[in-house]
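Please find one structure pasted underneath; my questions will follow.
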Amino acid sequence: INISTIMKELYTFRLRTVVLFLILLLTFSSVLAVDIWVSPDGNDRNPGTREHPMATLDMALRKARELRRLDDPSVSGGIHIIMTGGTYNLVEPVVIRPEDSGTPENPTIISAAEGSNPVLSGGVNVTGWKKAGTTVNGLPAQAKGKVWVADVPKIGGRDLEFRQLWVNNVKAVRAST
């Protein structure tokens, strides 16, 4: 048994192992992105994990901005915002800034969770529907007794201005007066 041969083979094995480990580390660190989970049943005070998702896309984007601002090492492979299925009722527009996109090496990707269908909705529920109690001028005879009315919702103290009306997921015709 030649000790120098054994030592040389051991050194070569260790060197190969370290090089292989570094190659794997560099390869996988560039493809690993931090995940921020969002769910309509979440809470914006949650950390954004799969088990404890945030509630809004807006807060997930804020968290992504903060991680980038702090130069957090977890975002070196990018940020993946994953939205679970359901309806996300928006009270204001979602603003995605140019810097939110990240870089080619460190992108921000917003996607649906596998097999889910998230819906971003700016819709407002109109409640308090009742049959019109008075005669509506110009109404055709066949429509009498079939007209429903409701007060327009107020947002910020003003009547909501809307262009579309949906009833039971079907686009309805609005009155013109």
Side-chain angles (χ1 to χ4, degrees), residues 2-126 153 155-156 158 160-166 168-171:
N2 185 341
I3 292 291
S4 73
T5 305
I6 292 173
M7 292 302 289
K8 195 185 282 187
E9 286 179 15
L10 184 60
Y11 175 76
T12 304
F13 174 75
R14 284 186 180 169
L15 185 59
R16 285 183 186 161
T17 303
V18 169
V19 169
L20 180 61
F21 176 76
L22 288 175
I23 290 171
L24 289 172
L25 181 65
L26 291 173
T27 301
F28 286 108
S29 68
S30 65
V31 297
L32 292 178
V34 66
D35 291 339
I36 301 173
W37 286 81
V38 185
S39 168
D41 299 324
N43 186 315
D44 281 338
R45 290 186 297 267
N46 284 347
T49 62
R50 182 188 299 243
E51 296 78 19
H52 302 287
M54 300 183 116
T56 63
L57 177 57
D58 184 54
M59 287 306 291
L61 286 165
R62 285 183 186 192
K63 180 174 181 170
R65 288 179 194 128
E66 184 68 6
L67 289 170
R68 282 215 166 84
R69 186 185 70 76
L70 295 173
D71 202 22
D72 191 296
S74 69
V75 301
S76 65
I79 298 172
H80 188 192
I81 298 174
I82 305 163
M83 301 184 73
T84 63
T87 301
Y88 296 83
N89 293 305
L90 305 176
V91 295
E92 61 187 16
V94 175
V95 178
I96 300 176
R97 304 175 186 155
E99 61 269 20
D100 290 333
S101 63
T103 65
E105 302 80 31
N106 183 353
T108 298
I109 298 169
I110 303 170
S111 67
E114 189 173 328
S116 68
N117 186 30
V119 175
L120 300 174
S121 174
V124 175
N125 286 331
V126 179
I155 304 289
R158 295 181 29 196
L160 175 68
E161 296 178 27
F162 60 95
R163 291 174 276 187
Q164 297 180 4
L165 178 65
W166 293 76
N168 297 327
N169 293 321
V170 176
K171 191 172 181 181

Name all residues meeting the side chain to side chain donor-acceptor pair (under 3.5 Å) criterion together with Asn46; count only those two or more places apart in sequence or in a different chain, and write none if there are none.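 Side chain to side chain donor-acceptor pair (under 3.5 Å) list for Asn46, sorted by chain: empty.
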Sequence-distant partners of Asp44, side chain to side chain donor-acceptor pair (under 3.5 Å), two or more places apart: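 Only Thr56 meet the side chain to side chain donor-acceptor pair (under 3.5 Å) criterion with Asp44.
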For Asp35, all residues meeting side chain to side chain contact (heavy atoms under 4.5 Å, CB included), sequence neighbours excluded: Trp37, His80, Ile82
Can you name the residues that form a side chain to side chain contact (heavy atoms under 4.5 Å, CB included) with Leu120, not counting sequence neighbours?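 Once residues adjacent in sequence are excluded, the partners of Leu120 under the side chain to side chain contact (heavy atoms under 4.5 Å, CB included) criterion are Leu57, Met83, Tyr88, Leu90.
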Under the salt bridge (Lys or Arg N to Asp or Glu O under 4.0 Å) test, residues paired with Glu66 that sit two or more places apart: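 Partners of Glu66 under the salt bridge (Lys or Arg N to Asp or Glu O under 4.0 Å) test: Arg69.
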Is a donor on one side and an acceptor on the other found under 3.5 Å between the side chain of Asn106 and the backbone of Gly77?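 No, because the side chain of Asn106 does not come within donor-acceptor range (under 3.5 Å) of the backbone of Gly77.
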By salt bridge (Lys or Arg N to Asp or Glu O under 4.0 Å) - contacts of Arg50 (at least two apart): none
All side chain to side chain donor-acceptor pair (under 3.5 Å) counterparts of Asn89, not counting sequence neighbours: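 Partners of Asn89 under the side chain to side chain donor-acceptor pair (under 3.5 Å) test: none.
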Suppose we screen for side chain to side chain contact (heavy atoms under 4.5 Å, CB included). Which residues come up paired with Thr49, at least two apart in sequence or across chains?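 For Thr49, the residues satisfying side chain to side chain contact (heavy atoms under 4.5 Å, CB included) (neighbours in sequence not counted) are Pro47, Glu51, His52.
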Inter- and intrachain pairs under salt bridge (Lys or Arg N to Asp or Glu O under 4.0 Å), touching residues 92-104, at least two apart: Arg65-Asp100
Report the residues that fulfil side chain to side chain donor-acceptor pair (under 3.5 Å) with Arg158, sequence neighbours left out, ordered by chain and then residue number. Glu161
Take Thr108 and Ile96, measure what side chain to side chain contact (heavy atoms under 4.5 Å, CB included) needs, and give me the verdict at the end. CA-CA 11 Å; Thr108 298; Ile96 300 176; over 6 Å; no
The side chain to side chain contact (heavy atoms under 4.5 Å, CB included) partners of Ala64 (sequence neighbours excluded) come to Ile36, Ile79
